[in-house]
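Just so it is clear, the values below take in all heavy atoms, side chains as well, and ignore hydrogens, waters and symmetry mates.
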Amino acid sequence: MTNILVIFKDYYWCHGFIKLIQYNFPTVLFYGANSLQELAKVVKSKGLNNLLMITDSGLVSIGLAKQTQKILTKSKLKIDIFDGINPNPVEENVTKGVKKYQSGKYDGIIALGGGSAMDVAKTIRFMVVHDPPLAQYDDAVGGEEKIVNPLPPLYAIPTTAGTGSEVGRSSVITIKETGRKTIFFHPDLMPDIAVLDPTLTIGLPPHITAATGMDAFTHCMEAYLVDSFHPMADAIAVEGMKLIMTNLPKVIEKPDDLDARGQMLLAASMGAIAFQKGLGMIHSMAHPLSAEHNLHHGLSNAMLIPASLEFSIKKALDEKMVSLIEKFKNITEIISCKTLSDIDNLPYLLREFINSAGINLGLENENIREDQIKKLSQLAFEDSCHVTHPFPVTIKDFATVLSNSL
């Protein structure tokens, strides 16, 4: 049932010298229907009594937050709820959550929800023991080095199968001063326990199930394409893509399929594990689409996949990038079951898969206009995710892909 934290350091011979590689994998996972009930026992055994649950108003309104609270309080835990979270979380959400935590004498945090709840909870986790402003902890300016104090315990309960943030070491928050999505990273941000309980995802609307599923797929795919030596993450990314291709159609067609729901939760966590390698240009474009136009992050990724792949495949073929071509071939075989293994078919195959999940492609359908491409391209270039794209990309490249995604 559990997967204990593994930090694996290895030395290997490379071009005449020994190179150090460090690999990191997540901490404890509770997986299976009704596995949430195990969390209360563990939390209580650690001497914790008073926890703040970070969630969103949607989960409060449908009763899922109260249901979760009831299960956890059976072990005589005191659980209060903070639901002040935007769908694309902003700095104010963190500020209010920190104030709530510090005024309540809590000894731990529970994150319940999708990526937004997870990101806000992680950020609150380090800000309750560090001084503001939040912007100084931006990973892009070395903020990791300023996160030095011991953090309160954090337990993550995902209700979507998308971001995989429940096993990740980072959070993404839009900073008020810049209006940009900002990444905060530290190894200690990883939740102590993640509960993957498929019963908590059954009530997801089909369009959210589809969008979050494509977010998980994008994590796996972009991580796999990153050009760095990480065979374990690559294997996890490949298996994650397979799980999503098999199970996302099942949960769209039959929302109460617990086995398929569980497989999707695993795939989402696997995507987040894999992208410790990095991501790519899709995420760099998706972030400003969310920050500037409030598009759901997973939906943004889905919208950008076909045109991004067309661009990247052409580049790989034109410049004879053998390793990248081989990876595109492997992904094509995963998608097509080897019936259309030519990599030129990959954008078409994924476009068909995305459409079959009920996502209507075309950024114009989300009110994105051609005259907004210039700004979005600049913001995408300033986003750090494309640094690990398999080859360097320019503002012009982003403009091309965004225009072709309209």
Side-chain angles (χ1 to χ4, degrees), residues 50-60 65 79-160 162-192 194 272 286-288 290-292 294-297 383-385:
N50 190 18
L51 293 90
L52 182 63
M53 180 187 294
I54 311 298
T55 189
D56 62 71
S57 58
L59 294 185
V60 172
I79 309 289
D80 290 334
I81 294 174
F82 171 77
D83 65 352
I85 297 177
N86 292 26
N88 286 299
V90 297
E91 185 175 359
E92 184 182 12
N93 302 154
V94 176
T95 302
K96 289 183 176 180
V98 168
K99 184 177 180 180
K100 171 74 172 176
Y101 186 92
Q102 291 176 333
S103 66
K105 297 182 180 179
Y106 298 100
D107 51 19
I109 299 171
I110 293 172
L112 174 73
S116 298
M118 300 291 167
D119 283 359
V120 172
K122 288 182 191 176
T123 313
I124 290 172
R125 185 189 195 187
F126 75 82
M127 284 304 294
V128 296
V129 290
H130 291 84
D131 294 329
L134 176 59
Q136 68 180 308
Y137 303 101
D138 180 354
D139 183 57
V141 296
E144 175 190 356
E145 301 298 325
K146 295 182 179 181
I147 300 176
V148 295
N149 298 327
L151 309 184
L154 172 63
Y155 305 100
I157 308 169
T159 60
T160 66
T163 67
S165 188
E166 65 275 0
V167 297
R169 292 165 288 276
S170 63
S171 62
V172 183
I173 304 290
T174 298
I175 295 295
K176 182 177 181 180
E177 185 177 355
T178 63
R180 295 176 185 170
K181 285 199 168 191
T182 302
I183 296 173
F184 304 95
F185 171 87
H186 194 279
D188 290 347
L189 292 189
M190 185 188 300
D192 297 272
H287 285 156
S290 296
E292 294 288 313
N294 207 32
L295 263 68
H296 184 281
H297 176 65
D383 184 273
S384 62
C385 285

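Minimum heavy-atom separation, P152 to V128: CG-CG2, 3.9 Å. Nearest heavy-atom pair, D119 versus P89, reported as atom, atom and distance to 0.1 Å: CB-CG, 4.4 Å. Across A121 and A111, no two heavy atoms sit closer than the pair CB-CB, 3.5 Å. Considering all non-hydrogen atoms of both residues, V141 and A135 come closest at CG2-O, 4.4 Å. G179 and E292 make their closest contact through O-OE2, 4.1 Å (heavy atoms, listed as atom of the first residue, atom of the second, distance). Closest of all the heavy-atom pairs between C385 and I183 is SG-CD1, 4.4 Å.
At least one side-chain heavy atom of I124 sits less than 4.5 Å from a side-chain heavy atom of I54. Using a 4.5 Å heavy-atom threshold, the side chains of V94 and F126 count as separate. Contact annotation: the side chain of P87 never approaches that of H296 to less than 4.5 Å [non-hydrogen atoms, C-beta and beyond]. Between L151 and L189 there is a side-chain heavy-atom pair separated by less than 4.5 Å.
For D107, the salt bridge (charged side-chain N to carboxylate O under 4.0 Å, His left out) test picks out no residue, with sequence neighbours left out. For Y106, the ring-ring contact (aromatic ring centres under 6.0 Å, His included) partners at least two apart in sequence or on another chain are Y101. Under the ring-ring contact (aromatic ring centres under 6.0 Å, His included) criterion, H287 pairs with H283, H297, sequence neighbours left out.
Residue pairs meeting the side chain to side chain donor-acceptor pair (under 3.5 Å) criterion with at least one member in residues 131-152: none, sequence neighbours excluded. Under the side chain to side chain donor-acceptor pair (under 3.5 Å) criterion, no residue pair touches residues 50-59, with sequence neighbours excluded. Residue pairs satisfying the side chain to side chain donor-acceptor pair (under 3.5 Å) criterion with at least one member in residues 170-187, sequence neighbours excluded, are listed as follows: N88-K181, T123-S171, R180-E382.
Separation of atoms CE (M118) and CZ (R125) is listed at 12.5 Å; rounding is to 0.5 Å.
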Step by step, work out the side chain to side chain contact (heavy atoms under 4.5 Å, CB included) result for H130 and V148.
CA-CA 8 Å; H130 291 84; V148 295; 4.2 Å; yes
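Side-chain atoms of K100 never come within 3.5 Å of backbone atoms of L52 as a donor-acceptor pair (strictly under, hydrogens ignored).
When the options D192, D188, L51 are evaluated for a side chain to side chain contact (heavy atoms under 4.5 Å, CB included) with L154, the one that passes is D192.
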